[in-house]
Amino acid sequence: MSKNLRKNLQIAIDGPAGAGKSTVARMVAHELGMFYLDTGAMYRVISYKVLKNGILPEDELAVTRIAQETEITFDHRDRDVVLCDGEIVTSQIRSPEVNRTVSIVAAYAGVRERLVKIQRVEAAKGNVVMDGRDIGTFVLPEADIKIFLTASTEERAARRLQEIQATGINMTYQQVLDDIENRDSMDSQRQHSPLRPAEDAIIIDTTTLAVDEVAEKIVSLISSS
Ligand code: DC
């Protein structure tokens, strides 16, 4: 039986790259019978399409146009499956090229405006766990619980390296570390909705915690709220 007794719960999970947000958010949503929305995947879809169309990520106007005309959907049977204009792009949006460019694309006001609009429509359907960078501060300021996950940069790089190697992509620890530091700095220094914890967020440092411990912690916070 679902432990979630209240209707229309909105749970926000934010934090830097590699803090374990998506794994944890997925586990929490599954445990509580809630819907999970990976907002990072949406920015990745735009970045993927920009690269596919040969557009420079620095070309704000062209990128914004792409964001406005792209249809992003999640397969209703398996939410991990992401579609860009009807094409399945689940693995393509995790490529090193997308990793390198997504923070540039995500900094544009027009891109954020379009994606935030979609995210709020999804959240209004109720019972959602959403992960990202600005969910607690901007997308869902009235969320019932706001979590901010952190971990040391070295630990986050080690986790990301493991994920990347599992997909058969060859990268060194140093490359992954540089990529993470670069993205953190762009995501937290941008003008629009920078990465930062909401004032009422609960901060959890996951450096020495296993994902199921973090998920359990969040489930108990939700259950006792
Ligand atoms: O969580 P992720 O690594 O898949 O996110 C990819 C990029 O998208 C990340 O560099 C920052 C951006 N992002 C964002 O700006 N706002 C969100 N709500 C989610 C992701």
Side-chain angles (χ1 to χ4, degrees), residues 8 10-19 21-26 28-30 34-141 143 160 163 167 183 186-187 190 192-195:
N8 295 330
Q10 294 181 338
I11 311 300
I13 302 184
D14 291 301
K21 295 182 305 290
S22 57
T23 313
V24 166
R26 219 173 250 123
V28 170
H30 184 257
M34 298 173 77
F35 161 66
Y36 165 60
L37 192 77
D38 177 356
T39 63
M42 300 172 75
Y43 290 93
R44 287 172 176 276
V45 167
I46 302 304
S47 183
Y48 161 79
K49 187 162 164 186
V50 161
L51 295 171
K52 187 180 160 195
N53 288 6
I55 291 166
L56 284 180
E58 290 75 16
D59 186 345
E60 180 169 355
L61 215 65
V63 171
T64 303
R65 198 172 311 123
I66 290 280
Q68 272 151 6
E69 65 189 29
T70 303
E71 191 197 26
I72 304 170
T73 40
F74 292 86
D75 189 322
H76 67 276
R77 292 153 303 181
D78 179 353
R79 290 283 172 182
D80 289 346
V81 176
V82 188
L83 295 96
C84 171
D85 299 323
E87 174 200 355
I88 296 177
V89 293
T90 316
S91 56
Q92 291 91 320
I93 63 167
R94 308 279 161 197
S95 73
E97 293 73 30
V98 170
N99 283 344
R100 269 197 300 274
T101 51
V102 65
S103 290
I104 302 173
V105 164
Y108 299 140
V111 172
R112 305 201 67 82
E113 199 181 310
R114 167 89 208 288
L115 299 192
V116 167
K117 208 175 270 177
I118 302 172
Q119 290 157 15
R120 287 184 176 148
V121 168
E122 289 302 321
K125 295 177 185 167
N127 277 339
V128 70
V129 180
M130 227 182 240
D131 81 340
R133 303 294 189 285
D134 60 339
I135 310 303
T137 52
F138 187 70
V139 181
L140 304 176
R160 264 291 146 93
E163 278 171 23
T167 66
R183 280 213 284 146
M186 281 202 271
D187 292 342
R190 70 180 176 220
H192 309 287
S193 308
L195 166 69

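These numbers come from the heavy atoms of this one structure, side chains and all, not from hydrogens, waters or symmetry mates.
At distances below 3.5 Å, not a single donor-acceptor pair connects side-chain atoms of Asn127 with backbone N or O atoms of Met34. Judged by distance alone, the side chain of Asp85 and the main-chain N or O of Thr70 form no donor-acceptor pair under 3.5 Å. Under the 3.5 Å distance criterion, the side-chain polar atoms of Asp187 are left unmatched by any main-chain donor or acceptor of Leu195. Distance alone, capped at 3.5 Å, places no donor-acceptor pair between the Arg120 side chain and the Leu140 backbone. Side chain of Arg112 to main chain of Ala106: a donor-acceptor pair is present (N/O by atom type, distance under 3.5 Å, no hydrogens or angles). At least one donor-acceptor pair under 3.5 Å links the side chain of Lys21 to the backbone N or O of Gly15.
Considering every non-hydrogen atom in both Ala41 and Arg94, the closest pair reads CB-NH2, 3.9 Å. What you find for Pro57 and Val63 is that their closest heavy atoms are O-CG2, 3.7 Å. Here the shortest heavy-atom pairing between Val89 and Val45 reads CG2-CG2, 4.2 Å. Nearest heavy atom pair, residue His192 against residue Arg190, reads O-NE, 2.9 Å. The shortest non-hydrogen separation linking Gly86 to Glu71 is N-OE1, 4.4 Å. Looking at every heavy atom in both residues, Ala17 comes nearest to Arg183 through CB-NH2, 3.6 Å.
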Determine, step by step, whether Thr137 and Asp14 satisfy the side chain to side chain contact (heavy atoms under 4.5 Å, CB included) criterion, reporting the C-alpha distance in whole Å, the side-chain angles of both residues, the deciding distance to 0.1 Å, and the verdict.
CA-CA 9 Å; Thr137 52; Asp14 291 301; 5.6 Å; no
Hey, mind stepping through Ile135 and Ile13 against side chain to side chain contact (heavy atoms under 4.5 Å, CB included) and telling me if it holds?
CA-CA 7 Å; Ile135 310 303; Ile13 302 184; over 6 Å; no
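The CE atom of Met42 sits 4.5 Å away from atom CD of Gln119, with the distance rounded to the nearest 0.5 Å. Annotation: the span from Glu122 atom CD to Leu37 atom CG amounts to 6.0 Å, rounded to 0.5 Å. Separation of atoms NZ (Lys49) and CD (Gln92) is listed at 14.0 Å; rounding is to 0.5 Å. Residue Ile118 holds its CD1 atom at 5.0 Å from CD1 of Ile72, rounded to the nearest 0.5 Å. Here the straight-line distance linking atom CG of Leu61 with atom CD1 of Ile55 works out to 10.5 Å at 0.5 Å rounding. Between Glu113 atom CD and Thr64 atom OG1 the span is 9.5 Å, to the nearest 0.5 Å.
Screening Ile93, Ile66, Val102 against Ser47 for a side chain to side chain contact (heavy atoms under 4.5 Å, CB included) leaves a single residue, Val102. Of the candidates Asp38, Val98, Val82, Val98 is the only one forming a side chain to side chain contact (heavy atoms under 4.5 Å, CB included) with Arg44.
No side-chain heavy atom of Thr90 sits less than 4.5 Å from a side-chain heavy atom of Asp75. Annotation: side chain of Thr101 is in contact with side chain of Leu51 (closest heavy-atom distance under 4.5 Å).
Partners of Glu163 according to the side chain to side chain donor-acceptor pair (under 3.5 Å) rule, which considers only residues two or more places apart in sequence or in another chain, are Arg160. The side-chain contact (heavy atoms from CB on, under 4.5 Å) test applied to Ser22 returns Arg26, Tyr36, Asp131, not counting sequence neighbours.
Listed by first and then second residue, the salt bridge (charged side-chain N to carboxylate O under 4.0 Å, His left out) pairs that reach into residues 50-60 are Lys52-Glu87, sequence neighbours excluded.
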